Amino acid sequence: MRTSLQVHHHASAEELDVALARFVATRLSEALIAWGEASLVVSGGRTPTGFFQQLAQQPLDWSGISITLADERWVDESDEQSNARLVRQHLLQGPAAAARFIPLYHPAATPQDSADAACTALDTLDDAFDVVVLGMGDDGHTASLFPGSPQLDAALHDTGKPCLAVEASKPPRDRLTLTAARLRHAHHIVLHVTGQTKWQVLGTALASGPMTEYPVRALIQHEHPSRHVFWTA
Ligand code: 6PG
């Protein structure tokens, strides 16, 4: 059965953040009731801060929730570019601090050694993620699946390791990313974007073009029962 991509349009970023936080909280609550635990994957960048702050205020049994990242820059958490730093500053606050956070970055000799350590940590989340929330760049990348990256083919098609070290097209260039296959192994996939430019890029990505040109296609064009776009102009 083909399922459609569900589009949730909101008049402002603030309204969008609240709506997305409520959507995610509801899905996590459903998982907690059904399985006694829940897992959430979030992304970094500039877009999610308000969403994180709203989600942190949602009345959830955070002690039953595991949170990890779709991708990470290969920097220590003390670095302002760290996605783990962003999550700890804006999401793991108040009651939400009781959630189990699984960062991707680990001090290691090489980015792939760090990715391998992340793989080991992620093995404790061997079921499907309950919710995956992704951002998108103006170039159609999502997580750290960047067009033109030497490791893009592996990140799009490998089904072995859930986390790979990749080279991004913008600094910081060394990154860690969950693979498309691991990100798709989820009950609900959400793309969170703001601005007309990204909306137009998304329209182009959905209309045509290879996944290598628009890696976001690998997540939201792929047949999946619960795919959502939350956006505002
Ligand atoms: C990262 C993110 C990345 C982000 C997009 C959009 O590490 O930067 O995971 O995939 O979602 O680049 O970033 P903005 O929200 O800053 O536009």
Side-chain angles (χ1 to χ4, degrees), residues 10 12-14 16-17 20-21 24 40-55 67-77 79-91 101-106 111 114-115 118 122 129 131-149 151-152 155-156 162-180 182-184 186 189-202 204-205 211-220 227-233:
H10 292 278
S12 69
E14 294 72 23
L16 172 63
D17 291 339
L20 179 54
V24 169
L40 169 65
V41 179
V42 294
S43 295
R46 295 168 305 233
T47 302
T49 301
F51 157 59
F52 288 166
Q53 292 166 348
Q54 291 295 330
L55 181 60
I67 299 173
T68 192
L69 284 160
D71 68 327
E72 179 60 282
R73 296 80 182 279
W74 194 56
V75 296
D76 184 81
E77 287 192 16
D79 188 311
E80 290 190 355
Q81 299 177 106
S82 162
N83 288 341
R85 177 190 174 101
L86 191 76
V87 171
R88 292 191 195 277
Q89 281 180 337
H90 299 290
L91 178 51
F101 180 50
I102 301 172
L104 300 186
Y105 171 81
H106 297 76
S114 196
L122 289 167
F129 294 126
V131 186
V132 170
V133 183
L134 297 166
M136 187 190 76
D138 291 349
D139 60 356
H141 85 262
T142 191
S144 282
L145 307 175
F146 283 89
S149 169
Q151 299 78 20
L152 178 63
L156 284 177
C163 184
L164 297 177
V166 298
E167 295 166 59
S169 50
K170 62 178 183 179
R173 296 197 184 279
D174 284 329
R175 306 221 183 175
L176 310 172
T177 190
L178 298 195
T179 60
R182 187 60 184 93
L183 289 166
R184 282 197 301 261
I189 298 172
V190 178
L191 187 67
H192 178 200
V193 295
T194 60
Q196 281 293 354
T197 300
K198 288 188 180 182
W199 180 248
Q200 288 161 5
V201 168
L202 181 59
T204 304
M211 268 196 290
T212 50
E213 193 174 330
Y214 295 100
V216 69
R217 284 174 61 90
L219 275 299
I220 57 164
R227 294 168 291 141
H228 305 260
V229 175
F230 279 75
W231 84 284
T232 187

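Read the numbers this way: they start at 1 and go in the same order the structure lists the ligands and their atoms. Small disclaimer: the values here were computed from a predicted structure and weren't measured.
- In this structure, K198 has a heavy atom closer than 4.0 Å to ligand 1.
- When side chains are defined from C-beta on, F51 does not count as touching L16, because their heavy atoms never get closer than 4.5 Å.
- In this structure, the protein non-hydrogen atom closest to atom 13 (O) of ligand 1 is G45 CA, 4.0 Å.
- When only interatomic distances are considered, the shortest N/O to N/O separation between R73 and ligand 1 falls below 3.5 Å.
- Atom 16 (O) of ligand 1 has its closest protein heavy atom at R46 N, 2.7 Å.
- A donor-acceptor distance shorter than 3.5 angstrom exists from the side chain of T232 to the backbone of H10, with no hydrogens or angles considered.
- Here the heavy atom of the protein found nearest to atom 12 (O) of ligand 1 is H141 NE2, 2.7 Å.
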**OP:** Take L176 and W74, measure what side-chain contact (heavy atoms from CB on, under 4.5 Å) needs, and give me the verdict at the end.
**Re:** CA-CA 7 Å; L176 310 172; W74 194 56; 4.2 Å; yes
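- Atom 9 (O) of ligand 1 has its nearest heavy-atom neighbour, among L69, D71, L176, in D71.
- Formation of a donor-acceptor pair under 3.5 Å by the Q151 side chain with backbone atoms of A165 is not found in this model.
- At least one heavy atom of R175 sits less than 4.0 Å from an atom of ligand 1.
- At least one heavy atom of A143 sits less than 4.0 Å from an atom of ligand 1.
- Contact atoms of ligand 1 toward G135: 11 (O) (distance under 4.0 Å to a heavy atom of the residue).
- A side-chain donor-acceptor contact under 3.5 Å links H106 to the backbone of L104.
- At a threshold of 4.5 Å between non-hydrogen side-chain atoms, the residues L219 and L191 do not count as touching.
- Side chain of T68 to backbone of I102: a donor-acceptor contact under 3.5 angstrom is found.
- Closest protein heavy atom to atom 4 (C) of ligand 1: G44 O, 3.9 Å.
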Original post:
Where do D17 and H192 land on the side-chain contact (heavy atoms from CB on, under 4.5 Å) test, with the steps shown first?
Top reply: CA-CA 9 Å; D17 291 339; H192 178 200; 3.8 Å; yes
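- The N/O atoms of N83, backbone and side chain alike, include one that comes under 3.5 Å of an N/O atom in ligand 1.
- The single protein non-hydrogen atom nearest to atom 15 (O) of ligand 1 is T47 OG1, 2.6 Å, given as residue, atom name and distance.
- Nearest non-hydrogen protein atom to atom 6 (C) of ligand 1 is M136 O, 3.5 Å.
- Judged purely by atom type and a 3.5 angstrom limit, R175 has no side-chain atom pairing as donor or acceptor with the backbone of V166.
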